[in-house]
Amino acid sequence: MSDKLLQNLPRTVLAPMAGYTDHAFRHICRRYGVGLTVTEMISSKALVMGSELTHKMLHRADDDSPCFCQIFGHEPEVLAESVKFDDVSAYEGIDINMGCPVRKIVGNGDGSALLENPKLAAKCITATKLALKDKPLSVKFRLGVSDSSGAVDFVKMCLDAGADFITVHFRTRKQMYSGNADYTLLPEIASVGLPVFANGDVSTREQYENLLNMGAYGVAVGRGALGRPYIFAELDGRGYEIDLYETVKLHADMLSQLYSDRVVANELKKHVCCYLKGKRNAKATIVTVNSASSVKDILNEVAEFIKSNPQYEKVQK
């Protein structure tokens, strides 16, 4: 492992989530100590074809390091070509998505479709690694399509093909995001020899420590960070404070550097709903926020909610 990052890998990762892990949310998670961030899924084909919107998704904050760019695709030569663009090679590493269970992605032969074609998956990993040269390459995937019978062999393939580490979502494609993550195979997967980041249902420091004891190198937190970017401070056993309104406003301001007010408002709604989820008296505000047509209206709703419920203005520990 020649890359410095590989010699001192962080233990916590903000898992990539389409529509959520934009540059603004990654920056917010940085405030609470996440070790490594990953972009939203980026289409390798769209990059090669010169999609302006796709390249815009690669924008990052100055403090967002180390960060990996997650790409998806199933054509080895396209994947390899996509990582050579300046805005992609600016990232500290590349992650290949081989776990997305969404029908549209799978139907195109991408994401978790590669779980059914390990020979092609190996070619994708090797071609991308060769194009990256000394930069690290990770692979994110699920236990399998409908069961975990091929999971350990898939890990061995990743090792042989040139991956530097892996992130395993301990659910099958069939499960989508339902049920519970099953970590039964974690010790066997870890014994293959690749550093493993465990992903799925991680929400407490106790879970984090248990997974490390089972052989995980670290953990990747996805949905557990939505509305709770401070989870990374909790995992690290550190104190924290978050100001709800200021956090939402920061997110809006950062997105506004790139996108129109309408686009920012639609992106912001998802995050605000996550911040308000489960809070007393929040239902009416969530409904109003979802029907808002501007960033200003959303911020006003958040401010009014806090005014009526000051106990939620700040969360600290």
Side-chain angles (χ1 to χ4, degrees), residues 1-3 5-17 21 34-39 41 66-74 76 79 83 91-101 110-130 132 135-145 148-173 181-202 208 211-212 214-222:
M1 296 193 298
S2 55
D3 189 273
L5 176 63
L6 291 173
Q7 296 168 18
N8 191 27
L9 268 178
R11 298 283 181 170
T12 58
V13 178
L14 172 63
M17 292 175 286
T21 50
V34 65
L36 173 68
T37 60
V38 187
T39 68
M41 280 199 321
C67 181
F68 277 31
C69 175
Q70 187 187 68
I71 57 175
F72 72 93
H74 65 275
L79 287 162
V83 303
Y91 283 84
E92 283 69 36
I94 294 294
D95 181 68
I96 303 179
N97 183 300
M98 296 189 178
C100 180
D110 305 326
S112 61
L114 288 164
L115 293 172
E116 301 176 87
N117 194 342
K119 288 185 178 179
L120 178 58
K123 291 179 181 177
C124 290
I125 294 169
T126 300
T128 306
K129 181 61 180 177
L130 287 172
L132 285 174
K135 281 197 174 180
L137 173 68
S138 63
V139 182
K140 186 172 189 288
F141 56 93
R142 288 181 171 237
L143 286 174
V145 176
S148 60
S149 59
V152 175
D153 285 338
F154 200 85
V155 176
K156 291 176 180 177
M157 176 278 295
C158 289
L159 174 63
D160 292 341
D164 294 297
F165 64 91
I166 56 175
T167 300
V168 182
H169 185 155
F170 282 82
R171 284 183 174 85
T172 63
R173 184 173 83 198
D182 181 358
Y183 285 101
T184 305
L185 280 179
L186 174 55
E188 190 175 354
I189 286 173
S191 71
V192 171
L194 275 176
V196 182
F197 286 86
N199 177 225
D201 301 339
V202 179
Y208 168 59
L211 292 171
L212 294 187
M214 291 176 69
Y217 178 87
V219 298
V221 182

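None of these values were measured; they are calculated from a predicted model.
Of the possible donor and acceptor atoms, one in the side chain of Lys129 sits under 3.5 Å from a partner among the backbone N and O of Lys135. With hydrogens and angles ignored, the 3.5 Å screen pairs a side-chain donor or acceptor of Tyr183 with a backbone N or O of Gly200.
Asp201 contributes atom CG, which lies 11.5 Å from atom CZ of Phe170 (distance to the nearest 0.5 angstrom). Interatomic distance, CG of Leu79 versus CD1 of Ile71, reported as 4.5 Å (0.5 Å rounding). His169 contributes atom NE2, which lies 11.5 Å from atom OG of Ser112 (distance to the nearest 0.5 angstrom). Atom CG of Leu6 is separated from atom CD of Glu92 by 11.5 Å, given to the nearest 0.5 angstrom. With values rounded to the nearest 0.5 angstrom, Leu9 atom CG is found 4.5 Å from Tyr217 atom OH. The CD1 atom of Ile166 lies 6.0 Å from the SG atom of Cys158; values are rounded to the nearest 0.5 Å.
Under the side-chain hydrogen bond (donor to acceptor under 3.5 Å, both in side chains) criterion, Thr37 pairs with Arg30, Asp64, sequence neighbours left out. Ala127 pairs by the side-chain contact (heavy atoms from CB on, under 4.5 Å) definition with Pro76, Ala80, not counting sequence neighbours. With sequence neighbours excluded, no residue forms a side-chain hydrogen bond (donor to acceptor under 3.5 Å, both in side chains) with Ser191. With sequence neighbours excluded, no residue forms a ring-ring contact (aromatic ring centres under 6.0 Å, His included) with Tyr91. With sequence neighbours left out, Glu116 forms a salt bridge (Lys or Arg N to Asp or Glu O under 4.0 Å) with Arg173. Legend: residues meeting side-chain contact (heavy atoms from CB on, under 4.5 Å) with Pro10, ordered by chain and number and at least two apart, are Leu5, Leu36, Pro66. Thr167 is linked by a side-chain contact (heavy atoms from CB on, under 4.5 Å) to Lys140, Phe197, Asn199, Ala220, counting only residues two or more places apart in sequence or in another chain. Taking the side-chain hydrogen bond (donor to acceptor under 3.5 Å, both in side chains) definition, one finds that Asp182 meets it with Thr184, sequence neighbours left out. Legend: residues meeting salt bridge (Lys or Arg N to Asp or Glu O under 4.0 Å) with Arg11, ordered by chain and number and at least two apart, are absent. Residues satisfying the salt bridge (Lys or Arg N to Asp or Glu O under 4.0 Å) test with Arg142, not counting sequence neighbours, are none. With sequence neighbours left out, the ring-ring contact (aromatic ring centres under 6.0 Å, His included) criterion links Phe141 to Phe154.
Of all non-hydrogen atoms in Ser138 and Phe68, the two that sit nearest each other are OG-CD2, 3.6 Å. Nearest approach of Asn97 to Gln70, heavy atoms of both residues: ND2-OE1, 3.3 Å. Across all their heavy atoms, Val196 and Ile189 have their closest contact at CG2-CG2, 3.9 Å. Of all heavy-atom pairs between Leu211 and Ala198, the closest is CD1-CB, 4.0 Å. Nearest heavy-atom pair across Leu194 and Asp164 is CD2-O, 3.5 Å. Nearest heavy atoms, Thr21 versus Ala15: CG2-O, 3.4 Å.
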Item checked: side chain to side chain contact (heavy atoms under 4.5 Å, CB included) assessment of Thr39 paired with Cys67 -> CA-CA 7 Å; Thr39 68; Cys67 181; 4.2 Å; yes
Next item on the list: Please assess Leu143 against Val168 for the test side chain to side chain contact (heavy atoms under 4.5 Å, CB included), listing each intermediate value before the final yes or no.
Entry: CA-CA 7 Å; Leu143 286 174; Val168 182; 4.2 Å; yes
Solution key, residues 119-126 side-chain donor-acceptor pairs under 3.5 Å, sequence neighbours excluded:
residue : atom : partner : partner atom : Å
Thr126  : OG1  : Ala122  : O            : 3.0
Thr126  : OG1  : Ala161  : O            : 2.9

